[in-house]
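Chain letters run A, B, ... following the sequence lines, proteins first, then strands; residues in each count from 1. Source: prediction; values computed, not measured. Only this structure's heavy atoms are used, side chains among them; waters, hydrogens and symmetry mates stay out.
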Protein chains: 2
Amino acid sequence: MVSAVARVADDDRARLRLWLRLLRTTRAIERELRERLATAFDTTLPRFDVMAALDRAPDGMMMGELSRFLLVSNGNVTGIVERLVSDGLVVRSHRDGDRRAAIVRLSDAGRTAFAAMAAAHARWIDELLAPIEPDAARDLSTTLATFRSQWENDA
Amino acid sequence: MVSAVARVADDDRARLRLWLRLLRTTRAIERELRERLATAFDTTLPRFDVMAALDRAPDGMMMGELSRFLLVSNGNVTGIVERLVSDGLVVRSHRDGDRRAAIVRLSDAGRTAFAAMAAAHARWIDELLAPIEPDAARDLSTTLATFRSQWENDA
DNA sequence: GGCCAATATTTTATACTTGAAACTTTTTCC
DNA sequence: GGAAAAAGTTTCAAGTATAAAATATTGGCC
């Protein structure tokens, strides 16, 4: 049995410890994914992220929408999309009657290329997170989903 | 009751869903921390990370040690430490009798500055993760810690 | 003593990232 | 209809990030 005093002291640091572990775990996995994407598909994590977002949106997304969805800055998306366009994986056009808004979507080549990457990516994640049993994964997901929804309400 | 078929299909995606949530949650928190560090202390997350690592090592750390601990590349640490040195927060020296190895540690000014940042940082984390109860935080921590140790063994 | 592999770090080229300023186009409102 | 605000994006400067090549130093080994 843990003393009440010890419990309180531990409460004070439980969230900080969790945060540090979240950060390190995420970084370790990202590191591994980055390396695999580079060797297997000669691409990068940000490029994959953009393509993944666009794959979910067959009608395309606006630049700002992409930026908000990926939680990265506006100008950042510009650069990544630029390189994807020059590689022929992404197409840019304009929204009807609004020459401000740019609509980006995957090209056919982009969609094909992404399909292969997504399949490999899913396998990799399943392999890398193998030490976490499906039940534990579901529990953790639920905790994080709840957290996120509370977060959204505050912001 | 969930059917066996549904359960198996869900198992296939449980880890991938968990990963996507981990990534988004971590990014959202990092984003908020970055902003607060900038406004409150005119510093950045990477600088904070380096200083936090050095604060835990009163005798200093080698560059490579720092790089491995923070899970970032070797050359990356060079740049961040360079800027911290030019701001007088970090001191570089050499290990006795080995002019290859560079030892970096916090200066007195660095230690004082970091103390203030660390206190604010701990408060922020506690505030941002408030929706997660201490018990849930401990559970999650444990899952992640177990995962990490399995990970280490594989690598 | 001198070569050579191993160790530790920096440099380089390229890409990613941010916040803020600048730019273009649209909408609002008088 | 025209000024001004708003919306959407890009540009910019600085900092962060990587992998790979280059540099410098040490230790072993003949």
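Rounded to an integer number of Å, the gap from A:Glu82 CD to D:dT10 P is 7 Å. C:dA15 atom C1' lies 14 Å from atom CG of A:Asp49, rounded to whole Å. Distance CD (A:Glu32) to C1' (D:dT18): 15 Å, rounded to an integer number of Å. Atom CG of A:Asp42 and atom P of C:dA15 are 10 Å apart (whole Å). In this structure, A:Leu37 atom CG and D:dA17 atom C1' are separated by 16 Å, rounded to whole Å. Rounded to a whole Å, the NE2 atom of A:His94 is 14 Å from the P atom of D:dG8. Between the CZ atom of A:Arg47 and the C1' atom of C:dT14 there is a distance of 12 Å, given to the nearest Å. If you take CD of B:Glu30 and C1' of D:dT16, they are 12 Å apart, rounded to a whole angstrom.
Of all the heavy atoms in A:Thr43 and A:Arg47, the pair that sits closest is OG1-NE, 3.1 Å. Shortest non-hydrogen contact noted between B:Leu66 and B:Val81 is CD2-CG2, 4.2 Å.
Remark: B:Asp108 does not engage B:Arg111 in a salt bridge, criterion side-chain N to carboxylate O under 4.0 Å. A salt bridge is absent between B:Asp59 and B:Arg105: the closest approach of a Lys/Arg side-chain nitrogen to an acidic carboxylate oxygen does not fall below 4.0 angstrom. B:Glu32 and B:Arg27 are not joined by a salt bridge, as no carboxylate oxygen comes within less than 4.0 angstrom of a charged side-chain nitrogen.
Of the candidates D:dG8, D:dT26, D:dA17, D:dT26 carries the atom nearest the B:Arg100 side chain, counting heavy atoms from C-beta on.
Heavy atoms of A:Arg27 sit nowhere under 4.0 angstrom from any nucleic acid atom.
Remark: B:Arg83 is in phosphate contact with D:dT16, judged by side-chain N or O atoms under 4.0 Å from OP1 or OP2. Listed pair A:Thr44 / C:dC16 meets the phosphate criterion, a side-chain N or O lying under 4.0 Å from OP1 or OP2. Residue A:Arg31 has a polar side-chain atom (N or O) positioned under 4.0 Å from OP1 or OP2 of D:dT18.
Taking the six-membered ring for Trp, A:Phe114 and A:Phe48 have ring centres closer than 6.0 Å.
Judged by distance alone with a 3.5 Å cut-off, no donor-acceptor contact links the side chain of A:Arg99 to the base of C:dT25.
Comparing A:Ala101 and B:Ile80, the nucleotide of DNA chain D nearest to each residue sits closer to the 5' end for A:Ala101. Between A:Gly97 and B:Glu35, the residue whose closest nucleotide on DNA chain C is further toward the 5' end is B:Glu35.
Cation-pi contact between A:Arg21 and B:Phe147: absent, since separation from the ring centre below 6.0 Å together with deviation from the ring axis within 45° is not met.
Within residues 56-78 of chain A, the residues having any heavy atom closer than 4.0 Å to DNA chain D are, in order of number, A:Met62, A:Met63, A:Gly64, A:Asn74, A:Gly75, A:Thr78.
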